[in-house]
> 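I am attaching a structure below and will ask some questions about it afterwards.
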Amino acid sequence: MTQVDVLLGLQWGDEGKGKIVDVLSPQYDLIARFQGGPNAGHTLEFDGKKFVLNTIPSGIFNEKTMNLIGNGVVIDPIILKRELDNLKAAGHDPVGEGKLVLARKAHLILPTHQLLDAANEQKMGAGKIGSTLKGIGPTYMDKTGRNGLRVGDTTLADFKARYDKLVQKHKEILSHYEFEYDLTEKEEKFFEAIEFIKTIPHVDSEHFVNSYLKEGKKVLAEGAQGTLLDVDFGSYPFVTSSNTTTAGACTGLGIAPNKIGQVYGIFKAYCTRVGGGPFPTELFDETGETLRKVGHEFGATTGRARRCGWIDLPALKYAIMLNGVTELIMMKADVLDGFDTIYACTHYEYEGETIDYMPYDIISVQPKPVFKAIKGWKTDLTQINKVDQIPAALNDYIAFLEKELEVPVKFLSVGPDRTQTLQLS
Ligand code: GDP
Ligand code: IMO
Ligand code: MG
């Protein structure tokens, strides 16, 4: 019997999960997404090509790996179809090759869920979450409110009647907003996409994943978003609507907690956030602008500029604790190549005290970061491909992080390409 390894983000998303899942996927028989939906944008680069995946797991480019969209994911059939159409146009056909299956219990994002997301954000004005407007929140609300439609429902004779009933409910809610919409075109596309997703095999993810484990096969659960966007433990209410932490892999796939193996926690050598909400180490100056420019910090899903700042160790410690991280993966170290000095936030000054944890309220009382200065390495990391080429100053930075975080850094990423990845231990 094997266990499920988990790879997830320790910050506010966009840590580089897609790249590393792709790098690790040859070691796995199954890659399984367990939460979130097309709010995710996971970027992969290899052979001079670049792909952004929203719903499809990042194991899709590895010949032998099966990919599962788990029950904890919310699926927009229109976006999933578009993703698969685009992949096909680029010469990849995971459905034709039998490399993709969908959980019957995964919930569907309806066009009206997107409208509700947009209407709600519009109404909140300046206080808005800054959602990706993909309908994520309203879909999870219908899931927990026990109104949702699931992938398995698409094959039922009364699917259209169930759809109409839910849409009617949404229209009633929308009538309370000053929000104009036209559903006709979207609905047409939706039903076309529903017919398409019926051609992808539907499985019970709980049995599917557990049968892989029984057969001794290797499974990697791919997280979306990041720990600080978790609906329970993130910077609420500026969070997404799912559990992005390791526990989410259990409920989002149907595996017991004792079936969790290694937990890979992935983080950038600095920190970013897209959308609203607190971000203690955010930089509003030229340095922040440099990080954004050098790191190409613009959203893979929405194109929005990502907010940038220095690495936040109290937040990382919190994320490591919540997830039971066994190995760390540090991304985008190359983005810091040009700095003489970089900074790491080791503590916060908060209500007259110096603390090293994330307090409950970081919205009305803003923690002030206390930084440690670290010598930069001033080396072009994108050109290195061996561990012994890592500059001493970067090794010192890694050793400092390992000491602070009490977890080893297993991989170091020095560029967006699949090959720009170094295994440290
Ligand atoms: P994900 O959502 O966690 O999969 O991350 P995204 O794909 O949204 O954002 C990560 C971005 O950084 C993508 O544009 C990647 O191509 C890029 N990237 C990943 N690793 C590295 C790295 O080590 N260095 C640089 N410069 N870019 C990277
Ligand atoms: P990946 O998987 C970064 C953010 C949004 C917003 C908040 C709520 O690529 O790391 P939602 O649409 O989920 O209701 O938006 O969460 N957000 C992400 N930020 N990366 C993501 O995914 C994100 N998915 C959602 O910007 O602040
Ligand atoms: Mg992303």
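Each ligand, and each atom within it, is numbered from 1 in the order the structure gives. None of the values given here were measured: they were computed from a predicted structure.
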> In the protein, what heavy atom is nearest to atom 2 (O) of ligand 1, and what distance, to one decimal place, separates them?
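For atom 2 (O) of ligand 1, the nearest protein heavy atom is Gly41 O, 2.8 Å.
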> Ligand 2: which residues have a non-hydrogen atom closer than 4.0 Å?
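The 4.0 Å shell around ligand 2 contains Trp12, Gly13, Asp14, Lys17, Asn39, Ala40, Gly41, His42, Ile129, Gly130, Ser131, Thr132, Ile136, Ala224, Gln225, Leu229, Val239, Thr240, Val274, Gly275, Arg304.
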> Looking only at N/O atoms, are Gly13 and ligand 1 under 3.5 Å apart anywhere?
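No.
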> If the cut-off is 4.0 Å to any non-hydrogen atom of Gly18, which atoms of ligand 1 fall inside it?
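Contacts of ligand 1 toward Gly18, numbered from 1: 4 (O).
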> Any idea which protein heavy atom is nearest atom 15 (C) of ligand 1, and the distance to it?
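In this structure, atom 15 (C) of ligand 1 has Thr43 CB, 3.9 Å as its nearest protein heavy atom.
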> Restricting to N, O or S atoms, which atom of Asp14 is closest to the Mg ion (ligand 3)?
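So the atom name we want here is OD1.
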> Nearest heavy atom to atom 3 (O) of ligand 1 wins, so pick from Lys17, Arg418, Gln11, Glu222.
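Heavy atom nearest to atom 3 (O) of ligand 1 belongs to Lys17.
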> Check His296 against ligand 1 and report side chain, backbone, both or neither, counting heavy atoms closer than 4.0 Å.
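The answer is neither.
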> At a 4.0 Å threshold, what atoms of ligand 1 neighbour a non-hydrogen atom of Glu45?
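That gives atoms 16 (O) of ligand 1.
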> Does Arg104 come within less than 4.0 Å of Asp204, counting only side-chain N to carboxylate O?
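Judged by the 4.0 Å cut-off on N to carboxylate O distance, Arg104 and Asp204 do form a salt bridge.
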> Among the heavy atoms of Gly415, does any lie under 4.0 Å from an atom of ligand 1?
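Gly415 counts as a contact of ligand 1 under the 4.0 Å cut-off.
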> Can you confirm whether more than 12 heavy atoms, excluding those of Glu178, are under 6.0 Å from its CD atom?
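It does not: Glu178 CD has 12 such atoms or fewer within range.
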> Between Asn62 and Asp22, does a side-chain hydrogen bond (donor to acceptor under 3.5 Å, both in side chains) hold up when you go through it step by step?
CA-CA 7 Å; Asn62 182 41; Asp22 172 60; over 6 Å; no
> Is any NZ, NE, NH1 or NH2 atom of the basic residue among Asp14 and Arg306 found under 4.0 Å from an Asp or Glu carboxylate oxygen of the other?
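Salt bridge between Asp14 and Arg306, a charged N being under 4.0 Å from a carboxylate O: yes.
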> With the threshold set at under 4.0 angstrom, would you say Ala40 reaches ligand 1 through any of its heavy atoms?
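The answer is no: ligand 1 sits nowhere under 4.0 Å from a heavy atom of Ala40.
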> Quick check: closest heavy atoms across Pro237 and Ile129, and the distance to 0.1 Å?
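Shortest heavy-atom contact: O-CD1, 3.1 Å.
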> Please list, in number order, the atoms of ligand 1 under 4.0 Å from a heavy atom of Met331.
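In order of number, 20 (N).
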> With backbone taken as N, CA, C and O and side chain as the heavy atoms from C-beta onward, which portion of Val414 lies under 4.0 Å from ligand 1: side chain, backbone, both, or neither?
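Only the backbone of Val414 comes within reach of ligand 1.
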> Kindly indicate, with the supporting measurements, whether the criterion salt bridge (charged side-chain N to carboxylate O under 4.0 Å, His left out) is fulfilled by Glu289 and Arg292.
CA-CA 5 Å; Glu289 198 52 51; Arg292 184 157 37 249; 2.9 Å; yes
> Does ligand 1 have a heavy atom under 4.0 Å from the side chain of Asp334, from its backbone, from both, or from neither?
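Just the side chain.
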> Checking contacts here: is it the side chain or the backbone of His42 that comes within 4.0 Å of ligand 1, counting heavy atoms only? Could be both or neither.
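Looking at His42 and ligand 1, atoms from backbone and side chain both fall under 4.0 Å.
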> Is there a polar contact, in the sense of an N or O pair closer than 3.5 Å, between Val335 and ligand 1?
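Checking ligand 1 against Val335, no N or O pair falls under 3.5 Å apart.
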> Does the cation-pi check pass for Lys332 over Tyr270, that is, NZ or CZ under 6.0 Å from the six-membered ring centre and within 45° of its axis?
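Cation-pi check for Lys332 and Tyr270: fails.
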> Under 6.0 Å from the six-membered ring centre of Phe279 and within 45° of its axis: does the NZ or CZ of Arg307 meet both?
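That pair does not qualify as a cation-pi contact.
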> Would you call the rings of Tyr212 and Phe208 parallel, tilted or perpendicular, where under 30° means parallel and over 60° means perpendicular?
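Aromatic pair Tyr212/Phe208 classed tilted.
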> Determine whether the side chain, the backbone, both or neither of Arg306 has a heavy atom under 4.0 Å from any heavy atom of ligand 1.
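Side chain only.
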> Are Phe339 and Trp310 an aromatic pair by the rule of ring centers under 6.0 Å?
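Distance test on ring centres: under 6.0 Å, yes.
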> Is the Mg ion (ligand 3) less than 2.8 Å from at least one N/O/S atom of Gly41?
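So Gly41 counts as coordinating the Mg ion (ligand 3), yes.
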> Can you sort out which atoms of ligand 1 are near Ser413, meaning under 4.0 Å from one of its heavy atoms?
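Heavy-atom distances to Ser413 below 4.0 Å select 20 (N), 21 (C), 22 (C), 23 (O).
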> When rounded to the nearest 0.5 angstrom, what distance separates CD1 in Ile194 from CG in Asp153?
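It comes to 9.5 Å.
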> When you measure from atom 27 (N) of ligand 1 to every protein heavy atom, which one gives the shortest distance, and what is it?
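Answer, as residue, atom name and distance: Lys332 CE, 3.4 Å.
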> Check whether the side chains of Asn323 and Thr245 place a donor and an acceptor atom closer than 3.5 Å, and report yes or no.
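The criterion, which ignores hydrogens and geometry beyond distance, is not satisfied for Thr245 and Asn323.
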> For atom 10 (C) of ligand 1, what's the nearest protein heavy-atom neighbour? Residue, atom name and distance, please.
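For atom 10 (C) of ligand 1, the nearest protein heavy atom comes out as Asp14 O, 3.7 Å.
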> Answer with yes or no after comparing the ring centroid distance for Tyr357 and Tyr348 against a 6.0 Å cut-off, counting only values under it.
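Ring-ring flag for Tyr357/Tyr348: false, centres at least 6.0 Å apart.
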> For the residue pair Phe51 and His92, does the interplanar ring angle fall in the parallel (under 30°), tilted (30 to 60°) or perpendicular (over 60°) class?
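Because their plane-to-plane angle is over 60°, the rings of Phe51 and His92 count as perpendicular.
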> As a quick check of understanding, evaluate salt bridge (charged side-chain N to carboxylate O under 4.0 Å, His left out) for Glu15 and Lys268, giving each step before the final call.
CA-CA 5 Å; Glu15 296 89 349; Lys268 283 178 191 170; over 6 Å; no
> Do Lys19 and Gln420 have a side chain donor and acceptor closer than 3.5 Å?
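Gln420 and Lys19 do not have a side-chain donor-acceptor pair below 3.5 Å.
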